[in-house]
Amino acid sequence: MPELPEVQTTVNGLRRVLPGQKILNVWTDLNTKDKRKRDTVANPKYFSGFRKKIIGKKIISVTRRAKNILINISGEQIILVHMKMTGHLLYDHCDHGNRFIHVIFTLSGGKRLAFCDARKFGKITLINAGELDTSKHLRGLGPEPLEKSFDLHKFIQVLRRRPGAPVKTALIDQSIIAGIGNIYSDEILWAAGVHPQRKIKTLKPTQYEKMFLVMKTILKKGISFGGDSVSDYRNPAGRRGHFQLHHRAYQRTGKICSRRGCGGVIMRIMVGGRSTHFCPRHQK
DNA sequence: ACTAGCCCCTGGGAGC
DNA sequence: TGCTCCCAGGGGCTAG
């Protein structure tokens with residue numbers, strides 16, 4: 001469940017080691033006929049072209065947009081990596097016994113960059129830099145929640161584009177705000193004291209303000225803990241993040257709410273097809 | 001135009 | 001011990 005903080009943690013790790021290196025080779029064992037993966041290295045036909053286009057190219061920088069890792073290479077091209085549910089990138093920590101490694105880039109510095117993904121949902125594709133924002137991979141994404149320019153006014157404005165949606169559904173909608181997923185949305189709503197099924201149009205100004213503030217602090221907290229490894233996420237060095245040790249709602253079903261003086265019991269319900277954890281006592 | 005729901009995939013945990 | 005069933009959920013896609 002890599003979300004913004006996990007993707008940022010990976011980017012922070014990679015941008016210290018990748019820039020300046022050349023890509024010497026790339027290997028994959030992925031092989032699919034799924035037409036949804038037509039434009040990824042999982043498609044053998046695409047992979048041979050991908051391989052030709054990136055070999056010999058130099059890595060310039062590593063950035064992030066929403067939950068996508070963008071590896072900018074020479075020749076005005078970008079390798080886009082989406083980790084989806086269980087994916088992660090490993091730098092110089094790809095041991096041969098790891099059967100979940102599906103893509104390996106050999107680099108000029110003598111180290112390797114590997115894409116590890118137990119469930120093979122992840123995506124690796126190549127985009128021309130000039131077409132990045134209009135590509136189907138990034139087109140339609142909402143604003144970055146941690147940008148300074150993303151203020152309370154814009155927060156309210158984008159959420160109100162889905163007036164009838166439950167607030168939980170709106171928060172994880174990538175076209176509304178980019179980068180929030182199931183874990184951080186539950187944590188944001190717990191901290192804001194907002195019920196996940198509350199409809200956007202019924203939110204009070206004070207609730208918007210509280211949600212906005214805790215959204216920024218919780219996402220930053222996620223980054224400062226090196227992401228959340230409740231599931232498969234690992235940083236480029238193969239190590240776990242620690243945000244999972246600080247969950248207040250996510251996967252705490254049946255536990256006493258840790259808000260001081262609350263005493264509620266965390267519940268799990270389905271909202272918009274996603275399991276949702278919240279405290280029915282203090283989240284209104 | 002919108003949304004609900006299925007599907008991709010496989011490990012891990014629960015239940016028997 | 002080992003089998004089966006269910007759950008995890010980002011996001012593409014389709015049917016309504």
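Letters A, B, ... are given to chains in the order of the sequence lines, protein chains preceding strands, and every chain is numbered from 1.
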With a 4.5 Å heavy-atom cut-off, do F278(A) and L189(A) have their side chains touching?
no
* Asked: Taking only side-chain nitrogens and oxygens of H82(A), does any of them come within less than 4.0 Å of OP1 or OP2 of dG10(C)?
  -> no
Query raised in the report: For R161(A), which contact category applies under a 4.0 Å heavy-atom criterion: base, sugar-phosphate, or nothing?
Result: nothing
When rounded to whole Å, the CD1 to P distance for the pair I176(A) and dC2(B) reads 10 Å
note: I124(A), atom CD1; dG10(C), atom C1'; distance rounded to Å ~ 16 Å
Inset, instruction - Decide, yes or no, whether a salt bridge links R119(A) with D232(A) under the criterion of side-chain N to carboxylate O below 4.0 Å. - result: no
Quiz prompt | Pair R248(A) + D186(A), salt bridge at N-O below 4.0 Å | solution = no
Taking Watson-Crick and G-U wobble contacts under 3.5 angstrom, with | marking pairs to another strand and [ ] crossing pairs, the secondary structure of DNA chain C is written .|||||||.|||||||
To the nearest angstrom, the CD-C1' distance between Q251(A) and dA8(C) comes to 8 Å
To the nearest angstrom, the CG-P distance between D117(A) and dG10(C) comes to 14 Å
Between dC9(B) and dC3(C), how far apart are the two P atoms, rounded to whole Å?
23 Å
Just checking, any donor-acceptor pair under 3.5 angstrom between side chains of Q244(A) and Y233(A)? no
Could you go through nucleotides 9-11 of chain B and list every protein N or O atom that sits under 3.5 Å from one of its N or O atoms, giving the distance for each pair?
unit_1: dC9(B); atom_1: O2; unit_2: R119(A); atom_2: NE; d: 2.5
unit_1: dC9(B); atom_1: O2; unit_2: R119(A); atom_2: NH2; d: 3.1
unit_1: dC9(B); atom_1: N3; unit_2: R119(A); atom_2: NH2; d: 3.2
unit_1: dT10(B); atom_1: OP1; unit_2: K120(A); atom_2: NZ; d: 3.1
unit_1: dG11(B); atom_1: OP1; unit_2: R99(A); atom_2: NH1; d: 2.9

Quiz item: In the single-linkage hydrophobic clustering (I, L, V, M, F, W, Y; side-chain heavy atoms under 4.5 Å), do I223(A) and L213(A) co-cluster?
Solution: yes
### Task
Look only at the side chain of K216(A) and the backbone of P145(A), and say whether a donor-acceptor pair between them is shorter than 3.5 Å.
yes
Taken to the nearest whole Å, NE2/H277(A) to P/dA8(C) is 7 Å
Produce the list of close N/O pairs, under 3.5 Å, pairing protein atoms with atoms of nucleotides 12-16 of chain C; give distances to one decimal.
unit_1: dG12(C); atom_1: N2; unit_2: R36(A); atom_2: NH1; d: 3.4

> Is a side-chain donor-acceptor pair under 3.5 Å present for H247(A) with D228(A)?
Replying inline: yes
From CG of N43(A) across to P of dC8(B) the rounded distance in Å is 17 Å
Are the side chains of L24(A) and I55(A) in contact, using a 4.5 Å heavy-atom criterion? no
Are any of T86(A)'s side-chain N or O atoms less than 4.0 Å away from OP1 or OP2 of dA8(C)? no
Within the 3.5 Å criterion, strictly below it, is a donor on D117(A) or H102(A) matched to an acceptor on the partner's side chain? no
Ring geometry between F225(A) and H246(A) (parallel below 30°, tilted from 30 to 60°, perpendicular above 60°)
parallel
Between CG of N68(A) and P of dG11(C) the distance, given in whole Å, is 7 Å
Separation of dG11(C) atom P from M85(A) atom CE, nearest Å, is 10 Å
Partner of N182(A) under side chain to side chain donor-acceptor pair (under 3.5 Å), picked from K168(A), Q251(A), E3(A), is K168(A)
Next item on the list: State whether R268(A) places a side-chain N or O below 4.0 Å from either non-bridging phosphate oxygen (OP1 or OP2) of dA8(C).
Entry: yes
Hey, is the side chain of Q174(A) poking within less than 4.0 Å of OP1 or OP2 on dG10(C), counting only N and O atoms? no
Per side chain to side chain donor-acceptor pair (under 3.5 Å), D39(A) is matched among K136(A), K123(A), H137(A) by K136(A)
